[in-house]
Amino acid sequence: MRVRHKPWAKGKLDLHSDIVIQSARDYNGEWHEVFHKEAPLHVEIGSGKGRFITGMAKKYPNDNFVGIELHESVIVTALDKCLEEGIENVRLINEDARGLTEFFAEDEVDALYLNFCDPWPKNRHEKRRLTYSAFLAQYEYVLKKGGVLNFKTDNQGLFEYSLESFSKYGFTLQNISLDLHRARLKDNVVTEYEEKFSEKGQRIYRCEAIASE
Ligand SMILES: C[S@@+](CC[C@H](N)C(=O)[O-])C[C@H]1O[C@@H](n2cnc3c(N)ncnc32)[C@H](O)[C@@H]1O
């Protein structure tokens, strides 16, 4: 992904600390306080420019949504979407998702979303893939029992690797699609990368992995 340097982004994120949560660790186990309401908690990892998380938040206005994104120059666009559209049920964390179990308590999250994460195709980079077992351990920890990890990618190699990784780890797989857009799922909220890839005629792969009971 090309990341443009935006020197002003940090200042803007700091200015809107009611949406871009600066001290995510302080809310571990207490995210309902940030939203001022008890509601199902959805978390997207690598939320990029925020089209998915804001789209979901509009679709499910009674639920709470958190997007985690590493790059400030990208997450600032997600912040703009929240501000421009007056979305009140989204919070953003500008940090590395490796800190997931520091941000959220055991069994705190109802659903996780991993959309078009980097495939890291070289074998020696396996540990960087967000579906590598060390990440799955974190997902299982924060997800409620029976909670769902929703995964989408355009990359066949990453999809095959991830199905095996989920299954080896003990997640139960369901709703596997090898061509999501052909299936025309009415509930699908399209991400920025998803639109780009599907316009190029690439297939979109999707599955749900359920945390063990
Ligand atoms: C290929 S983009 C996909 C963006 C968006 N999910 C979409 O589908 O349009 C992957 C995003 O994940 C972010 N990312 C990668 N590794 C991350 C990590 N460890 N923690 C947080 N964000 C990460 C990148 O900065 C990038 O914005």
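Atoms within each ligand, like the ligands themselves, are counted from 1 in listed order. Because the structure is predicted, anything quoted here is derived from the model rather than measured.
Closest heavy-atom approach to atom 10 (C) of ligand 1 within the set Phe116, Phe197, Tyr193, Trp120: this belongs to Phe116. Between Glu69, His71, Lys49, it is Glu69 that holds the heavy atom closest to atom 26 (C) of ligand 1.
Less than 4.0 angstrom separates some heavy atom of Glu44 from each of these atoms of ligand 1: 6 (N). Numbered from 1 in the order shown, with element, the atoms of ligand 1 that lie under 4.0 Å from a heavy atom of Asp118 read 1 (C), 15 (C). Which parts of ligand 1 touch Glu95 is read off a 4.0 Å heavy-atom cut-off, strictly below it: atoms 20 (N), 21 (C). Under a 4.0 Å criterion applied to the non-hydrogen atoms of Glu192, ligand 1 contributes the atoms 9 (O). Residue-ligand proximity, Asp96 to ligand 1, at heavy-atom distances under 4.0 Å covers atoms 18 (C), 19 (N), 20 (N).
Checked against a 3.5 angstrom limit, the closest N/O atoms of Leu70 and ligand 1 fall inside it. The distance criterion of under 3.5 Å between nitrogen or oxygen atoms is not met by Arg98 with respect to ligand 1. Annotation: Thr191 places an N or O atom under 3.5 Å from an N or O atom of ligand 1; distance criterion only. Considering backbone and side-chain N/O of Ala97, one or more are found under 3.5 Å from N/O of ligand 1.
At a heavy-atom cutoff of 4.0 Å, ligand 1 is contacted by no atom of Glu194, backbone or side chain.
Lys196 forms a cation-pi arrangement with Tyr193, by the criterion of a distance under 6.0 Å to the ring centre and an angle within 45° of the ring axis.
A donor-acceptor pair shorter than 3.5 Å cannot be found between the side chains of Tyr205 and Glu160.
At a threshold of 4.0 Å, the pair Arg206-Glu194 does not count as salt-bridged, since none of the basic side-chain nitrogens sits closer than that to a carboxylate oxygen. With respect to the salt-bridge test (charged N to carboxylate O, under 4.0 angstrom), the residues Lys81 and Glu192 qualify.
By the 4.0 Å heavy-atom criterion, Lys196 is excluded from the residues contacting ligand 1. The shell of residues lying under 4.0 angstrom from ligand 1, judged by heavy atoms, excludes Arg51.
Annotation: salt bridge (Lys or Arg N to Asp or Glu O under 4.0 Å) contacts of Glu33 (sequence neighbours excluded): none.
Pairs engaging residues 127-136 under the side chain to side chain donor-acceptor pair (under 3.5 Å) rule: Thr131-Ser162 [sequence neighbours left out].
Between Phe151 and the choices Asn115, Leu163, Leu158, the side-chain contact (heavy atoms from CB on, under 4.5 Å) rule is met once, by Leu158. Considering Phe65, Phe52, Phe35 in turn, Phe65 is the only one that fulfils the ring pair (Phe, Tyr, Trp, His ring centres under 6.0 Å) rule with His42. Shown are Leu178, Thr153, Ile176; of these, the side-chain contact (heavy atoms from CB on, under 4.5 Å) with Cys207 is made only by Ile176.
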